[in-house]
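All remarks here apply to the structure that follows.
Residue numbering restarts at 1 for every chain, and letters A, B, ... go by the order of the sequence lines. Given the structure is predicted, the values throughout are model-derived calculations rather than measurements.
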There are 2 protein chains.
Amino acid sequence: MNHQADTRRPLSRERILDKAVALADEAGIDSVSMRNLAGRLGVVPMALYKHIANKEALLDGMIERIVSEIEPPTRGTDWKSGLRRRILSARSSLLRHPWASSLFESRTAPTPVVLDYMDSIADTFLTGGFPPDLTHQIMHTLGSRMWGFTQELFPSPPAPSDPGVREQVISQMAAHWPHIVVVASAADHTGEGIVGAGCDDQYEFEFALDLLLDGFERLRERRLSS
Amino acid sequence: MNHQADTRRPLSRERILDKAVALADEAGIDSVSMRNLAGRLGVVPMALYKHIANKEALLDGMIERIVSEIEPPTRGTDWKSGLRRRILSARSSLLRHPWASSLFESRTAPTPVVLDYMDSIADTFLTGGFPPDLTHQIMHTLGSRMWGFTQELFPSPPAPSDPGVREQVISQMAAHWPHIVVVASAADHTGEGIVGAGCDDQYEFEFALDLLLDGFERLRERRLSS
DNA sequence: ACCTGAACACCGTTCAAGT
DNA sequence: ACCTGAACACCGTTCAAGT
């Protein structure tokens, strides 16, 4: 038994979720299997099933842990800065656990904790003067950015450390996809301008978030004035 | 052999991908396993490995099929309407295969076909007068909407067909999450206004897309005039 | 009440062998 | 050159049995 299993403490939902999150942080989400997790807890796989219905429930429980870390809404601010702050808090919560955003994407049914968060976001808009139908549309528009993440579909290859090799990779890419290379090299807010290195995810996230929030504000003004 | 395997035709990458797409359409992406797929082709699992490196390569090949269905760029239009048209074409391509967007989300490394598409999107912006750094930022902002989909994180439970039961579910939800119910019921562009039924995904997608495109245009004007 | 052992029906992938 | 058989190291989950 090389995982120092603590067989004295009894198993519990809490202890299982703690270990699941720790295991995912340490070895990636793929290593969170019922069997492996049980092994880490010094227990036979079936022992888990007395505390957690099945694997889906385990994953939902892990999501719950992440969502619980998000800052509660701050009262007394305008909708825009309050929301901005809260979403950036959700983001930092997600960033602490690199597996979290892909797990989020894979879930289909929302749990109560997830609904609580969405309810409070809806409340922020409604209280901020957005009519319900507009709130509906802009919440769809916000999408996963409500949880502080975006799908990273743009290629950011692990840039080779050797500058010569890197140069070569870039020129090979440029032969096939010249516009991608131009655009990828133009992330000049870090002052580097190198493919796969000059892109600051936090900057990009806030850029997109602010574009959306400004867009929402404009729609709200248009509604209120008509 | 109840899957009418055609043992006369030789196996090929094309034939494997055809069957994989058909299998996913018919039985869901989870049923696309190397073993099950091989069975449908009347062949032993290992036979696939002579034509496709591994499961990852199979999934990448399936993505390729989807991306190939997207309309090529139309020359002679302004960047905005050309892009809008192309993205909506990507969307209809994705909608033909319900498993496609979640498969997209799961991929990490872009294939050449994927890079081709992104290169042509970048080209559209650059040719349309966007400087490279702004193009970089707005392509991040566009995110998965470039491919015609958004994560559906808003709860849309399968609405019970019985109106009485439905009424009851809604009032139970309203007890815990009143704002969600208000907002979900407000999708009045279909004239229904019922949770889980009144929401038109295509309308929501176009709403969000247009908000983004308008935002991009405004940023471009600001740059050009400064 | 809580944990265990053995089993079932699956995975992706390897290796050496067949034709 | 292309396909096969057997095996390895895994999955999630069931059931009946132990303490």
Side-chain angles (χ1 to χ4, degrees), chain A residues 1-24 26-63 99 102-103 106-109 111, chain B residues 1-24 26-63 99 102-103 106-109 111:
Chain A
M1 197 56 56
N2 54 353
H3 294 306
Q4 64 277 67
D6 187 346
T7 44
R8 288 161 305 175
R9 275 189 294 165
L11 220 48
S12 70
R13 182 181 147 87
E14 292 313 301
R15 219 155 80 74
I16 291 171
L17 290 180
D18 284 349
K19 190 60 104 183
V21 167
L23 181 56
E26 181 192 324
I29 190 70
D30 285 345
S31 71
V32 180
S33 67
M34 298 299 270
R35 296 174 109 105
N36 191 19
L37 181 56
R40 296 296 183 109
L41 287 159
V43 114
V44 96
M46 273 317 296
L48 303 177
Y49 285 83
K50 291 285 146 177
H51 300 94
I52 270 166
N54 51 31
K55 175 115 192 231
E56 292 288 288
L58 175 71
L59 297 177
D60 280 339
M62 294 174 73
I63 292 280
W99 43 269
S102 69
L103 184 56
S106 74
R107 305 287 71 209
T108 49
T111 60
Chain B
M1 198 54 53
N2 54 353
H3 293 305
Q4 63 277 67
D6 186 345
T7 44
R8 287 162 303 175
R9 273 189 295 163
L11 220 46
S12 70
R13 182 182 146 87
E14 292 313 301
R15 220 155 80 73
I16 292 170
L17 290 180
D18 284 348
K19 191 59 103 182
V21 168
L23 181 55
E26 180 192 324
I29 191 70
D30 285 344
S31 72
V32 180
S33 67
M34 297 301 269
R35 295 173 109 106
N36 192 19
L37 181 57
R40 296 296 184 108
L41 287 160
V43 114
V44 95
M46 275 316 297
L48 303 177
Y49 286 82
K50 291 286 148 182
H51 301 93
I52 271 168
N54 51 31
K55 175 117 192 230
E56 292 289 288
L58 175 71
L59 297 178
D60 281 339
M62 293 173 74
I63 292 280
W99 43 269
S102 69
L103 185 56
S106 75
R107 305 287 71 209
T108 51
T111 61

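In this structure, the nucleotide among dT13(D), dT4(C), dT13(C) sitting nearest to the side chain of Arg35(A) is dT13(D). Across dG5(C), dC3(D), dG12(D), the shortest atom-to-atom separation from the side chain of Val44(A) is found for dG5(C). Proximity note for Lys55(B) (side chain, C-beta onward) versus dT4(C), dT13(C), dC3(D): the nearest is dT13(C). Considering only side-chain atoms of Asn36(B), the nucleotide from dC11(C), dT4(D), dG12(D) that sits closest is dC11(C).
Two residues are said to be in side-chain contact when any heavy atoms from C-beta on lie closer than 4.5 Å; Leu17(A) and Leu58(A) meet this criterion.
Paired regions of DNA chain C, where each region holds three or more successive Watson-Crick or G-U pairs whose two hydrogen-bonding distances fall under 3.5 Å, are C:4-8 with D:12-16, C:12-16 with D:4-8.
If you measure from atom CZ of Arg15(A) to atom C1' of dC2(C), you get 14 Å, rounded to the nearest angstrom. dC15(D) atom P lies 13 Å from atom OH of Tyr49(A), rounded to whole Å. Atom CD of Glu56(A) and atom P of dC11(D) are 17 Å apart (whole Å). A straight line from CG of Leu48(B) to P of dC2(D) spans 14 Å, rounded to a whole angstrom. Protein atom CD1 of Ile52(A) is 14 Å distant from nucleotide atom C1' of dG12(D), rounded to whole Å. We find that CG of Leu59(B) is positioned 12 Å from C1' of dG12(C), with the value rounded to whole Å. Straight-line distance from the CG atom of Asn54(B) to the P atom of dC15(C): 14 Å, rounded to whole Å. Per the geometry, CG belonging to Leu58(B) stands 14 Å off C1' belonging to dT13(C), to the nearest Å.
For the pair Met62(A) and Ala24(A), the tightest heavy-atom approach, listed with the atom from each and the gap, is CE-CB, 3.8 Å. Across all non-hydrogen atoms, the minimal contact from Ser31(A) to Gly28(A) is OG-O, 2.8 Å.
At the phosphate of dC3(C), neither OP1 nor OP2 sits under 4.0 Å from any side-chain N or O atom of Lys50(A). One finds a side-chain N or O of His51(A) lying less than 4.0 angstrom from the OP1 or OP2 phosphate oxygen of dC3(C).
Each of Asp30(A) and Met46(A) has a nearest nucleotide on DNA chain D; the 5'-most of these lies closest to Asp30(A).
Here the OG-CD1 distance, from Ser106(B) to Ile63(B), works out to 6.5 Å after rounding to the nearest 0.5 Å. Interatomic distance, CG of Leu41(A) versus OG of Ser12(A), reported as 9.0 Å (0.5 Å rounding). Note: Leu103(A) CG to Ile29(A) CD1 = 5.0 Å, rounded to the nearest 0.5 Å.
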For residues 42-55 of chain B, tabulate all N or O donor-acceptor pairs below 3.5 Å that involve a side-chain atom, not counting sequence neighbours.
unit_1	atom_1	unit_2	atom_2	d
His51(B)	NE2	Leu11(B)	O	3.3
Asn54(B)	OD1	Glu56(B)	N	3.3
Asn54(B)	OD1	Ala57(B)	N	3.0
Lys55(B)	NZ	Val32(B)	O	3.1

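Comparing the P positions of dA9(C) and dC10(D) gives a spacing of 22 Å, expressed to the nearest Å.
Across all strands, Met34(B) comes closer than 4.0 Å only to sugar-phosphate atoms, never to a base (heavy-atom distances).
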